[in-house]
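Everything below concerns the one structure shown next.
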Amino acid sequence: MSRYCTLHLEGDALPFDLDRTLSCGQVFRWEKKGHWWCGVLGQKPVLIRQEGDLLHFSGAPEEDISRYFDLDLDLEEILAGFPDDPILLQAIDSAYGLRIVRQPAWECTASYIVATFANIPGIQTRLKLLCERFGERIGDGHTAFPSPEKLAASPLCDIRSCRVGYRDKYLCGTAAILSADHGWEERIAALPYRDARRELLRLPGVGKKVADCILLFAFHRFEAVPVDVWIDRIMRTHYLEEDTRYSYDRIADAARQIFGPNAGYAQEYLFAAREMIPDMRKK
DNA sequence: CATTGACCTGACTAC
DNA sequence: GTCAGCAGGTCAATT
């Protein structure tokens, strides 16, 4: 890759931190090789790296890069709109410039179905296997994310051979439903949050947490707050009263009440800083 | 807007 | 080097 374009980050595009954005665990298919991040945008291999307020990239037009990283979003305003509690402020400080990328809806859905009850390295392995086994070759050693049609038409044993375990039937089932439902993305996008989530919950392998991940990461519904074990722990120990029973929705609702309409972004910063946030329960 | 247990598999931690 | 316990939940059954 000798030819690349350069995008000067300014205005709403700042703050932006490419490393934090791609390594925080929201996406699983980007790989850093030397200074460059290698990944796939749409059906094309992309190389990208950041140098201060310069973004060097190749393989995709600038508007695709800008849209994927949501560089038109006024992130500064969102961060400034949060309450100034010490835990969140520390998280924002440590992950400053992290942006929620616009993941393709199907890739996001399939990825988080595969991601349930697993750790990040395992998720990456599984997705890599799935892409190599079922994805279209797009050159340069890269593969596109497998289409739902392809997965829906594949035997469960072939899918399971990608180490997805019992999730094989969820992946295949959801692939079958979505590949037969051409307007699903537009329909979800047009629905209010609650209705959109209820729709997604009909898909096999998609529970509240995965549905919220899809809504937050693919549809940019910033009121969606995925509550995983980390967020659960952080909310319970730092934002809620101890010794009380909290359901998923109570924790998510509390997050929306505390952090406001962009609570999903607060969630992402808290998640990114999860290792640094003390676990009060251990004392 | 509840609670509980089984569940594929791999990467990590502690022996 | 080996091994139990655990990991970014979901589903089905149960009260």
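In the text below, chain A, chain B and the rest are named by the order of the sequence lines, each starting its count at 1. Here the structure is a predicted model, which is why all the values come from computation and not from measurement.
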- Note on the structure: Closest non-hydrogen atoms of A/L171 and A/A110, given as atom of the first, atom of the second and distance, are CD2-CB, 3.8 Å

- Indicate yes or no for a side-chain donor-acceptor contact from A/R236 to the backbone of A/Y246 under 3.5 Å, with no hydrogens or angles considered. yes

- Message: I need the CZ-P distance between A/R126 and C/dA7, as an integer number of Å.
- Response: 14 Å

- Is the phosphate of B/dG10, meaning OP1 or OP2, less than 4.0 Å from a side-chain N or O of A/R163? yes

- Of the nucleotides B/dA11, C/dT10, B/dC1, which has the atom closest to the A/P121 side chain? B/dA11

- Rounded to the nearest Å, what distance is computed from the OH atom of residue A/Y248 to the P atom of nucleotide B/dT3? 16 Å

- Message: Give me the distance, rounded to whole Å, that separates C/dA7 from B/dA14 when you measure between the P atoms they each carry.
- Response: 13 Å

- Along DNA chain C (nearest heavy atom to each residue), the more 5'-positioned of A/I123 and A/L201: A/I123

- Message: In this structure, which stretches of DNA chain B are paired as stems of three or more consecutive Watson-Crick or G-U pairs, both distances less than 3.5 Å?
- Response: B:2-7 with C:9-14

- Message: Check the phosphate of B/dT9 against A/T125, side-chain N and O only, distance under 4.0 Å to OP1 or OP2. Yes or no?
- Response: no

- Whole-Å gap separating P (C/dA7) and CD (A/Q124): 18 Å

- Measure from OH on A/Y246 to C1' on B/dC1 and round the result to the nearest Å. 14 Å

- Please tell me which of the listed nucleotides, C/dG8, C/dG9, B/dC1, lies nearest to the side chain of A/D253? B/dC1

- Query: Considering only the P atoms, how many Å lie between C/dC6 and B/dG5, rounded to the nearest integer?
  - Reply: 15 Å

- side-chain N/O A/S247 vs B/dA2 OP1/OP2, d < 4.0 Å: yes

- Would you classify A/G207 as touching base, sugar-phosphate or nothing, given that sugar-phosphate means primed atoms plus P, OP1 and OP2, and contacts are heavy atoms under 4.0 Å? sugar-phosphate

- Carboxylate-amine/guanidinium contact A/K44 A/D64, below 4.0 Å: no

- Item | Gap between atoms NZ and P, on A/K169 and C/dC11 respectively (whole Å) | 10 Å

- Message: Check whether A/Q26 reaches the backbone of A/V101 with its side chain - one donor and one acceptor, N or O, closer than 3.5 Å.
- Response: yes

- Task: Report yes or no: does A/Y265 contribute a side-chain atom to a donor-acceptor pair with the main-chain N or O of A/I100 at less than 3.5 Å?
- Result: yes

- Item | Derivation of the ring pair (Phe, Tyr, Trp, His ring centres under 6.0 Å) call for A/Y68 and A/F57 | CA-CA 13 Å; A/Y68 183 75; A/F57 60 94; over 10 Å; no

- Could you check whether A/L203 gets within reach of a base, just the sugar-phosphate, or nothing at all, counting any heavy atom under 4.0 Å? sugar-phosphate

- Message: Rounded to whole Å, how long is the line connecting atom CZ of A/F117 with atom C1' of B/dA6?
- Response: 9 Å

- Message: Using a heavy-atom cut-off of 4.0 Å across all strands, would you classify A/P204 as base, sugar-phosphate, or nothing?
- Response: sugar-phosphate

- Message: Over all strands shown, is A/I120 touching base, sugar-phosphate only, or nothing at heavy-atom distances under 4.0 angstrom?
- Response: base

- Query: How close or far is atom P of B/dT9 from atom CG of A/N119, stated in whole angstroms?
  - Reply: 15 Å

- Message: Using atom P in both nucleotides, what's the gap between B/dT13 and C/dG8 to the nearest angstrom?
- Response: 12 Å

- Query: Does the side chain of A/D19 come within less than 4.5 Å of A/K32's, by heavy atoms?
  - Reply: yes

- Message: Could you check whether the side chain of A/Y166 and the base of C/dG9 have a donor-acceptor pair of N or O atoms closer than 3.5 Å, going by distance alone?
- Response: yes

- Note on the structure: Testing C/dG8, C/dC11, B/dC8 for proximity to the side chain of A/Y170, the answer is C/dC11

- Message: Expressed as a whole number of angstroms, how long is the span from A/D168:CG to C/dT10:C1'?
- Response: 14 Å

- Message: Is it true that, when you exclude A/Q257 itself, more than 12 heavy atoms of the residues, nucleotides or ligands shown sit nearer than 6.0 Å to its CD?
- Response: no

- Item | Span that lies between the P atom of C/dC11 and that of B/dG10, in whole angstrom | 22 Å

- Donor-acceptor contact below 3.5 Å, side chain A/R126 vs main chain A/V114: yes

